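Since the model is a prediction, treat every value here as computed from it, not as a measurement.
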Amino acid sequence: MPFDLVPDFIAGLGFTDDLATLLYALRTVYTNITPDVKQKATETTRKWFPDFSSDTDEIAIHQQ
């Protein structure tokens, strides 16, 4: 049975601990995706799906 710091039936507060856990998990994943990981993922995607066209080059240009 899952453990909940604040029971979900409490109006307004019930899901705050769930949201905090989700945001922590997303931040952890986001900070561990390095440019090397992105490059490997793009290479693997292109190998598996030869017709794959990525907009990552355009995104990189817009971010500079």
Same cluster or not: are Tyr30 and Tyr24 linked, directly or through other Ile, Leu, Val, Met, Phe, Trp or Tyr residues, by side-chain heavy atoms under 4.5 angstrom apart? no
For residues 29-45, which residue pairs pass the salt bridge (charged side-chain N to carboxylate O under 4.0 Å, His left out) check, not counting sequence neighbours? Asp36-Lys40
Would you mind listing every salt bridge (charged side-chain N to carboxylate O under 4.0 Å, His left out) that reaches into residues 19-32, with sequence neighbours excluded? none
Nearest 0.5 angstrom please: Thr16 OG1 to Leu23 CG, how far? 11.0 Å
Heavy-atom closest contact (Val37 atom, Ile33 atom, distance): CG1-CG2, 4.3 Å
